[in-house]
S.K.: 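Here it is, the structure, as structure tokens.
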Amino acid sequence: PFEGVAWTPRPPQGPPQGCFACIAKPPALRQASPVLSPSSAIYLMESKSCKGDSLRPAVPCKHSVEKKTMTNPTTVIEIYPDTTEVNDYYLWSIFNFVYLNFCCLGFIALAYSLKVRDKKLLNDLNGAVEDAKTARLFNITSSALATFCIILIFIFLRYPLTDY
């Protein structure tokens, strides 16, 4: 359409400046004048003195301005563990203390169960978990040994030693 107009390629400008949001969405085009003369068309096609496109005005990236003013924000979220998930084995310890207190293991289990409750109130989750494991261990040991002794007593009552 334009006779005698020579296109000169622009030198590469390097990577585009700005953020991805600004690069991906180019700024809106300005309305061009409806009637162009050949001399103004040449000016619009290429001007070596201008850095940007004549149709698209050089708009600074609004996101780069925000990046300069904002520091690197950090968000700290404190998560308090749910202390109700730690089982204190309190009822099992009371049962072992009252009925199956084999070598005072039920009493020791009850003491650790109370320590678990205290540490849960103080939000010491690690200590509460460790004491809960210890209370469970003493409860298992007390229950197992007491049950074994009760079974032995029933066996000896059923079959006294004088028969052997």
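This structure is a prediction, so every number in the text was calculated from the model and none was measured.
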S.K.: Applying salt bridge (charged side-chain N to carboxylate O under 4.0 Å, His left out) as the test, list every pair that has at least one member in residues 95-106; sequence neighbours left out.
M.R.: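 Output for this query is empty, none listed.
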
S.K.: Starting from Trp92 and following side-chain heavy-atom contacts under 4.5 Å between hydrophobic residues (I, L, V, M, F, W, Y), which residues can be reached?
M.R.: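 Listed partners: Tyr89, Ile140.
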
S.K.: Enumerate the salt bridge (charged side-chain N to carboxylate O under 4.0 Å, His left out) contacts for residues 134-149, please, sequence neighbours excluded, ordered by first and then second residue.
M.R.: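 Listed once each, the pairs would be none.
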
S.K.: Would you please name every residue forming a side-chain hydrogen bond (donor to acceptor under 3.5 Å, both in side chains) with Asp131, sequence neighbours left out?
M.R.: Lys119

S.K.: Taking salt bridge (charged side-chain N to carboxylate O under 4.0 Å, His left out) as the cut-off, I'd like each qualifying pair that reaches into residues 139-151, sequence neighbours left out, listed once.
M.R.: none

S.K.: Do the side chains of Phe95 and Leu114 join up, straight or via other hydrophobic residues, at under 4.5 Å, putting them in one cluster?
M.R.: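 Linked, Phe95 and Leu114 end up in one cluster.
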
S.K.: Hey, what do you get for CD1 (Ile108) to CG (Asn101), rounding to the nearest 0.5 Å?
M.R.: 8.5 Å

S.K.: My understanding is that only residues two or more places apart in sequence, or in another chain, count here; which of them pass side-chain hydrogen bond (donor to acceptor under 3.5 Å, both in side chains) with Ser113?
M.R.: Ser93

S.K.: Starting from Ile155, walk the hydrophobic network (Ile, Leu, Val, Met, Phe, Trp, Tyr; side-chain heavy atoms closer than 4.5 Å) and list everyone else you reach, by chain and number.
M.R.: Ile151

S.K.: Can you run down the ring-ring contact (aromatic ring centres under 6.0 Å, His included) pairs that involve residues 126-156, sequence neighbours left out, and say none if there aren't any?
M.R.: Tyr112-Phe138

S.K.: Specify the closest pair of heavy atoms between Leu105 and Ser142, including all atoms of both residues, with the distance to one decimal.
M.R.: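 Smallest interatomic distance, heavy atoms only, reads CB-CB, 3.7 Å.
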
S.K.: Of all residues at least two apart in sequence or in a different chain, which pass the ring-ring contact (aromatic ring centres under 6.0 Å, His included) check with Tyr90?
M.R.: none

S.K.: Taking only residues two or more places apart in sequence, or in another chain, which ones meet Asp88 in a side-chain hydrogen bond (donor to acceptor under 3.5 Å, both in side chains)?
M.R.: Arg117

S.K.: Side-chain heavy atoms under 4.5 angstrom apart, residues restricted to Ile, Leu, Val, Met, Phe, Trp, Tyr: same cluster for Val98 and Phe107?
M.R.: yes

S.K.: Please answer: with hydrophobic residues joined when any side-chain heavy atoms are less than 4.5 Å apart, are Phe102 and Ile150 in the same cluster?
M.R.: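 No; tracing contacts between hydrophobic side chains, which count when under 4.5 Å, never links both residues.
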
S.K.: For a 4.5 angstrom cut-off between non-hydrogen side-chain atoms, does Lys133 reach Val129?
M.R.: yes

S.K.: Got a second to check how far Thr147's OG1 is from Leu100's CG, nearest 0.5 Å?
M.R.: 6.0 Å

S.K.: Nearest 0.5 Å please: distance from the OG1 atom of Thr134 over to the CG atom of Asn139.
M.R.: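 Between atom OG1 of Thr134 and atom CG of Asn139 there are 11.0 Å.
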
S.K.: Once ring-ring contact (aromatic ring centres under 6.0 Å, His included) is applied, what residue pairs with a partner in residues 115-134 remain, sequence neighbours excluded?
M.R.: none

